[in-house]
Novice: 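Just passing along the structure, written as structure tokens.
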Amino acid sequence: MRSKAILGVCAVAIATLLSACGGGGMVRRVSEPAVGIQQLTVQADGSWSVDVRIDNYSSVPMTFDTLSLTVKVADETAGTLTASPALPVGPESADIATIRMTPSSGARIAIADALASRNPLSYSLEGSVGASADGKARTFQVERKNQLNPVPGLPGVLR
């Protein structure tokens, strides 16, 4: 008798859990994106081509409309990456926006030193990313610290 009561309680609990899972479909969640430098290439004229990786951690597609990010390399302010890429990124996916910038002289020296010595170079990004999802525009504040390494066999390239 007692085992039938326990079995009945377990059956009701399982049915309740299953009914809670089945009704709503996929949850639409908008999460803060992550932004980082995937690759930095020093051009012949001294400008930089910066491949910015944007990670969409949302469960919905987002279009990344604007980027305004202050770049520092080895504690030298390089300048601001500003772009309007209108880059669509699927849910829980990533894509790259390539942005050209003219760095400060201190940042150029820091990159040249890292490339010549083949040493890693710390960088930071700070600013905002504008994105739209489900017809709503949002602005996210981003802050990122990481490092870049010279790529063997590719002069002027750090990843």
Novice: In terms of side-chain heavy atoms, does Ser47 have a donor or acceptor partner in Arg100 at a distance below 3.5 Å?
Specialist: yes
Novice: Examine distances only and state if a side-chain atom of Ser58 and a backbone atom of Asn56 form a donor-acceptor pair shorter than 3.5 Å.
Specialist: no
Novice: Hey, mind stepping through Thr70 and Leu125 against side-chain contact (heavy atoms from CB on, under 4.5 Å) and telling me if it holds?
Specialist: CA-CA 6 Å; Thr70 300; Leu125 300 174; over 6 Å; no
Novice: Ile37 vs Asn146, test: side-chain contact (heavy atoms from CB on, under 4.5 Å). Steps then yes/no.
Specialist: CA-CA 9 Å; Ile37 296 176; Asn146 208 333; over 6 Å; no
Novice: Could you tell me which non-hydrogen atom of Gly153 sits nearest to which non-hydrogen atom of Pro155, and how far apart they are?
Specialist: O-CD, 3.5 Å
Novice: Just by modelled atom types, is the Asp113 backbone N or O under 3.5 Å from a matching donor or acceptor in the Ser117 side chain?
Specialist: yes
Novice: Check for a donor-acceptor pair, side chain of Ser59 on one end and backbone N or O of Val27 on the other, with a separation under 3.5 Å.
Specialist: yes
Novice: Given side-chain contact (heavy atoms from CB on, under 4.5 Å), test Val129 with Val35 step by step and report yes or no.
Specialist: CA-CA 9 Å; Val129 176; Val35 178; 3.7 Å; yes
Novice: Is there a side-chain contact between Pro33 and Phe64 in this structure, where contact means two heavy atoms from C-beta onward sitting under 4.5 Å apart?
Specialist: yes
Novice: Heavy atoms only: give me the nearest Tyr57-Glu32 pair and the separation to one decimal.
Specialist: CD1-O, 3.6 Å
Novice: With side chains defined as the heavy atoms from C-beta onward, is the minimum distance between Ile111 and Leu158 less than 4.5 Å?
Specialist: yes
Novice: So does Thr77 get a backbone contact from the side chain of Ser104, meaning a donor-acceptor N/O pair under 3.5 Å?
Specialist: yes
Novice: Does any part of the side chain of Pro152, heavy atoms only, come nearer than 4.5 Å to the side chain of Arg118, both counted from C-beta?
Specialist: yes
Novice: Please find the pair of heavy atoms, one from Met101 and one from Thr80, that lie closest to each other, and give the distance.
Specialist: CE-N, 4.0 Å
Novice: Look at Asp55 together with Arg53 and state whether they make a salt bridge at an N to O cut-off of under 4.0 Å.
Specialist: yes
Novice: Please report the interatomic distance CG(Asn149) to CG(Leu115), rounded to the nearest 0.5 Å.
Specialist: 11.0 Å
Novice: Is there side-chain contact between Tyr123 and Asp75, with at least one heavy-atom pair below 4.5 Å?
Specialist: no
Novice: Has Asn119 got more than 12 heavy atoms of other residues, nucleotides or ligands less than 6.0 Å from its CG?
Specialist: yes
Novice: Verify the cluster assignment for Val42 and Leu121: are they in a single hydrophobic cluster under the rule of side-chain heavy atoms below 4.5 Å apart?
Specialist: yes
Novice: Are Leu67 and Ile99 packed together at the side-chain level, in the sense that at least one heavy-atom pair is separated by less than 4.5 angstrom?
Specialist: yes
Novice: Show the nearest heavy-atom pair for residues Val73 and Ala107, with the distance to one decimal.
Specialist: CG2-CB, 3.7 Å
Novice: Evaluate the criterion side-chain contact (heavy atoms from CB on, under 4.5 Å) for residue pair Leu69 and Arg144; output intermediate values, then yes/no.
Specialist: CA-CA 10 Å; Leu69 303 166; Arg144 174 76 182 248; over 6 Å; no
Novice: Look only at the side chain of Arg28 and the backbone of Asp134, and say whether a donor-acceptor pair between them is shorter than 3.5 Å.
Specialist: no
Novice: Salt bridge or not for Glu126 and Lys145, using N-O below 4.0 Å?
Specialist: no
Novice: To the nearest 0.5 Å, how far apart are CG in Leu40 and CZ in Arg159?
Specialist: 11.5 Å
Novice: Run the numbers on Gln39 and Thr41 for side-chain hydrogen bond (donor to acceptor under 3.5 Å, both in side chains), then give the verdict.
Specialist: CA-CA 7 Å; Gln39 180 172 296; Thr41 304; 3.3 Å; yes
Novice: A side-chain contact here means heavy atoms from C-beta on lying under 4.5 Å apart; do Thr98 and Ser49 qualify?
Specialist: yes
Novice: Between Asp95 and Ile54, is any pair of side-chain heavy atoms under 4.5 Å apart?
Specialist: no
Novice: Could you report the tightest heavy-atom contact between Phe140 and Met62, atom names first, then the distance?
Specialist: CE1-CE, 3.6 Å
Novice: Are Leu81 and Val52 close enough that some pair of their side-chain heavy atoms sits under 4.5 Å apart?
Specialist: yes
Novice: Minimum heavy-atom separation for Val30 and Ala133, please, with both atom names.
Specialist: CG2-CB, 4.3 Å
Novice: Please answer whether the main-chain N or O of Thr139 pairs with a side-chain N or O of Ser128 as donor and acceptor at a distance below 3.5 Å.
Specialist: no
